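Order of appearance sets the numbers: ligands from 1, and atoms from 1 within every ligand. Note that this is a predicted model, so its numbers are computed, not measured. Numbering starts at 1 and runs along the sequence shown.
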Amino acid sequence: MRLGAGRFVAGETLDDAARVLRKLNDDGLSANTTLLGEAVHDRDATAEIVRAYTAVIDRIADDGLRANVALKLTHLGLEIDEELAFDNVRALVEHARDRGQLLRIDMEQSSFVDATLRIYRRLREAGLDNVGTVLQAYLYRTPADLQTLLPLEPNLRLVKGAYLEAAGIAYPHKADVDAAYERLLDTMLAGGGYTAVATHDERLIERAIHLAEQHEVGRDRFELQMLYGVRGQLQLDLARRGFKVLVATPYGPEWYPYLMRRLGERPANLLFFLKNAIRG
Ligand SMILES: Cc1cc2nc3c(=O)[nH]c(=O)nc-3n(C[C@H](O)[C@H](O)[C@H](O)COP(=O)(O)OP(=O)(O)OC[C@H]3O[C@@H](n4cnc5c(N)ncnc54)[C@H](O)[C@@H]3O)c2cc1C
């Protein structure tokens with residue numbers, strides 16, 4: 001944390017995270033939180049993670065925080081067994097429902113998209129409506145995935161996509177990803193579900209606001225999402241304009257891979273990190 005990870009991560013413990021979530025709420029922002037970690041390969045370890053997330057959900061409810069959980073299915077055992085991941089996430093979605101919260105399933109590498117969407121669909125078929133997932137604009141398959149999900153009136157977060165994918169399955173050029181994002185936004189906002197517009201790209205944020213107006217999507221049916229530590233002033237400005245802004249605020253001792261992804265997105269962050277590392 002001393003090295004500068006604290007800019008992007010809300011600390012190592014649930015107490016640390018609860019303090020940061022409270023501060024975000026006080027500033028007029030909503031939040032989600034994630035216990036950092038991915039790719040667990042041991043069944044017993046996944047049970048431990050379910051217990052930890054149960055405690056997070058309870059803490060959010062007990063402290064009256066405007067927050068929810070977002071998690072990765074590989075953290076709940078998707079690489080061991082899809083049924084195990086399903087059982088684990090189902091238990092957490094049910095617990096979140098009982099405590100009045102949404103739970104969102106993040107999207108990971110392209111090899112997990114089919115299983116993630118299958119699990120999302122099974123949860124909805126089981127009558128659980130307090131669950132959302134994520135679509136990635138860089139994947140060629142995403143417009144088709146969106147069409148198959150729309151009849152469910154899904155709660156979807158739209159992102160550009162964070163993983164290194166082959167050109168055979170994902171747009172390699174940023175301009176094409178941005179154009180795809182815009183087209184998907186249009187379909188999603190017109191589609192009748194709930195849309196979480198997750199980007200720091202101001203042009204796309206304004207485009208989303210415009211499209212929401214055009215499709216008469218009320219402010220209770222879409223929100224803007226950004227990462228903790230990125231474009232903080234923009235987050236506050238949008239909240240002051242009356243939009244729901246949710247800040248994705250992860251915590252936990254396993255913060256290193258997350259930090260590396262954030263640094264990779266923007267070389268200027270690397271400079272920030274190195275300056276802190278030298279000072280520390
Ligand atoms: C709330 C949230 C949830 C996400 N969930 C997922 C997920 O489930 N699956 C997934 O694959 N990806 C996820 N992502 C990551 C996403 O796919 C992108 O990698 C990330 O958001 C960067 O793209 P961008 O949309 O901000 O646009 P970019 O075009 O990359 O950036 C637009 C502008 O934002 C600023 N910016 C962007 N990133 C940073 C940064 N790290 N530090 C400082 N400034 C920055 C820059 O000034 C840049 O010019 C999520 C992103 C957010 C905000």
Side-chain angles (χ1 to χ4, degrees), residues 4-5 7-10 21 24 29-34 36 38 67-76 78 89 102-113 116-117 119-120 131-139 141-142 145 154-165 169-182 184-185 195-208 222-235 237-238 243-250 255 257-273:
R7 177 181 160 188
F8 297 106
V9 176
L21 298 182
L24 290 166
L29 303 162
S30 299
N32 73 32
T33 193
T34 298
L36 289 171
E38 35 207 290
N68 66 274
V69 157
L71 52 74
K72 294 191 179 358
L73 290 178
T74 61
H75 206 191
L76 295 182
L78 185 58
V89 75
L102 177 90
L103 183 148
R104 190 176 302 279
I105 303 171
D106 289 343
M107 193 58 82
E108 302 176 70
Q109 291 93 324
S110 57
S111 52
F112 299 117
V113 172
T116 302
L117 295 182
I119 287 177
Y120 172 73
V131 58
T133 190
V134 180
L135 291 181
Q136 298 156 320
Y138 63 7
L139 296 182
R141 61 175 287 171
T142 295
D145 287 335
N155 183 325
L156 293 173
R157 174 203 290 155
L158 182 62
V159 300
K160 290 189 186 179
Y163 299 88
L164 197 60
E165 299 288 358
I169 50 172
Y171 293 108
H173 300 297
K174 178 176 155 51
D176 295 325
V177 178
D178 291 357
Y181 193 102
E182 204 167 321
L184 288 160
L185 260 182
T195 305
V197 182
T199 179
H200 313 95
D201 188 326
E202 270 186 88
R203 193 188 64 77
L204 286 175
I205 292 170
E206 291 304 330
R207 182 77 188 136
F222 80 103
E223 69 188 44
L224 306 168
Q225 297 193 348
M226 288 182 237
L227 301 176
Y228 181 65
V230 180
R231 295 269 167 116
Q233 190 56 49
L234 179 60
Q235 295 170 12
D237 291 345
L238 288 162
F243 296 105
K244 178 174 175 187
V245 178
L246 178 145
V247 183
T249 310
W255 45 264
Y258 177 83
L259 179 68
M260 289 303 121
R261 274 204 293 278
R262 300 291 79 82
L263 296 180
E265 276 160 5
R266 199 163 182 244
N269 288 341
L270 194 59
L271 201 64
F272 169 88
F273 179 74

Subject >> ligand 1 contact on M226 by region, counting heavy-atom pairs under 4.0 Å >> reply: backbone
Subject >> Min side-chain heavy-atom separation V134-Y120 under 4.5 Å >> reply: no
Subject >> Verify atom 38 (N) of ligand 1: protein non-hydrogen atom under 4.0 angstrom away >> reply: yes
**OP:** Indicate yes or no: does an N/O atom of A162 lie under 3.5 Å from an N/O atom of ligand 1?
**Re:** yes
Subject >> atom 42 (N) of ligand 1 - nearest protein heavy atom and its distance >> reply: N269 ND2, 2.6 Å
Original post:
Are any non-hydrogen side-chain atoms of V89 and L103 less than 4.5 angstrom apart?
Top reply: yes
**OP:** Identify the protein heavy atom lying closest to atom 35 (C) of ligand 1, giving its residue, its atom name and the separation to 0.1 Å.
**Re:** H200 CB, 3.9 Å
Original post:
Under 4.0 Å from ligand 1, counting heavy atoms only, is it the side chain of D106, its backbone, both or neither?
Top reply: both
**OP:** Report yes if the side chains of V9 and Y258 come closer than 4.5 Å at any heavy-atom pair, otherwise no.
**Re:** yes
Original post:
Between atom CZ of F222 and atom CG of L185, what is the distance when rounded to the nearest 0.5 Å?
Top reply: 10.0 Å
**OP:** Side-chain contact test, heavy atoms from C-beta onward, threshold under 4.5 Å: evaluate it for R203 versus E182 and give yes or no.
**Re:** yes
**OP:** Look up atom CG in D178 and atom NE2 in H173, then write down how far apart they are to the nearest 0.5 Å.
**Re:** 13.0 Å
**OP:** Enumerate the atoms of ligand 1 whose separation from the nearest heavy atom of R262 is less than 4.0 angstrom.
**Re:** 41 (N)
Subject >> Any donor-acceptor N/O pair, T249 side chain to T33 backbone, under 3.5 Å >> reply: no
Subject >> Identity and separation of the nearest protein heavy atom to atom 43 (C) of ligand 1 >> reply: R266 CD, 3.3 Å
**OP:** Would you mind listing which atoms of ligand 1 come within a distance below 4.0 Å of any non-hydrogen atom of A248?
**Re:** 1 (C)
**OP:** Below 4.0 angstrom from a heavy atom of Q136, which ligand 1 atoms are there? Numbered from 1 as shown, please.
**Re:** 9 (N), 10 (C), 11 (O)
Original post:
In ligand 1, which numbered atoms sit nearer than 4.0 Å to a non-hydrogen atom of G161?
Top reply: 11 (O), 16 (C), 17 (O), 19 (O)
Original post:
Should you measure from each heavy atom of A198, which atoms of ligand 1 turn up under 4.0 Å away?
Top reply: 1 (C), 2 (C), 52 (C)
**OP:** For Y163, take its heavy atoms, then give the atoms of ligand 1 lying under 4.0 Å from any of them.
**Re:** 11 (O)
**OP:** Determine whether R207 and Y181 make a side-chain contact, defined as any pair of heavy atoms from C-beta on separated by less than 4.5 Å.
**Re:** no
**OP:** Measure the distance from atom 27 (O) of ligand 1 to every protein heavy atom, then report the residue, atom name and distance (to 0.1 Å) of the closest one.
**Re:** K160 NZ, 3.1 Å
Subject >> N or O contact, M107 vs ligand 1, cut-off under 3.5 Å >> reply: yes
Original post:
Taking the side chain from E223 and the backbone from L246, do they hold a donor-acceptor pair closer than 3.5 Å?
Top reply: no
Subject >> K160 with D201: basic N within carboxylate O range, under 4.0 Å >> reply: yes
Subject >> Distance from atom 19 (O) of ligand 1 to nearest protein heavy atom, with residue and atom >> reply: E265 OE2, 2.9 Å
Original post:
Just heavy atoms, cut-off under 4.0 Å: does R157 contact ligand 1 by side chain, backbone, both, or neither?
Top reply: side chain
**OP:** Could you check atom 52 (C) of ligand 1 against the protein and tell me its nearest heavy-atom contact, residue, atom and distance included?
**Re:** L227 CD2, 3.5 Å
Original post:
Is it the side chain, the backbone, both or neither of E202 that has a heavy atom closer than 4.0 Å to ligand 1?
Top reply: neither
Original post:
Hey, are the side chains of V177 and K174 touching, using non-hydrogen atoms and a 4.5 Å cut-off?
Top reply: no
Original post:
Looking at Q225, which atoms of ligand 1 are within less than 4.0 Å of one of its heavy atoms?
Top reply: 1 (C), 53 (C)
**OP:** Specify side chain, backbone, both or neither for T199, according to which of its non-hydrogen atoms lie closer than 4.0 Å to ligand 1.
**Re:** both
Original post:
Taking the minimum heavy-atom distance to atom 13 (C) of ligand 1, which of V177, V230, V159 ranks first?
Top reply: V159
**OP:** Report yes if the side chains of R141 and L117 come closer than 4.5 Å at any heavy-atom pair, otherwise no.
**Re:** yes
Original post:
Short list, please: which atoms of ligand 1 are under 4.0 Å from a heavy atom of K174?
Top reply: 29 (O)
Original post:
Given R104, which of N32, N155, T34 fulfils the side chain to side chain donor-acceptor pair (under 3.5 Å) condition?
Top reply: N155
**OP:** Check each heavy atom of R231 against ligand 1 and say whether those closer than 4.0 Å belong to the side chain, the backbone, both or neither.
**Re:** side chain
Subject >> L224 vs Q235 side-chain heavy atoms within contact, under 4.5 Å >> reply: no
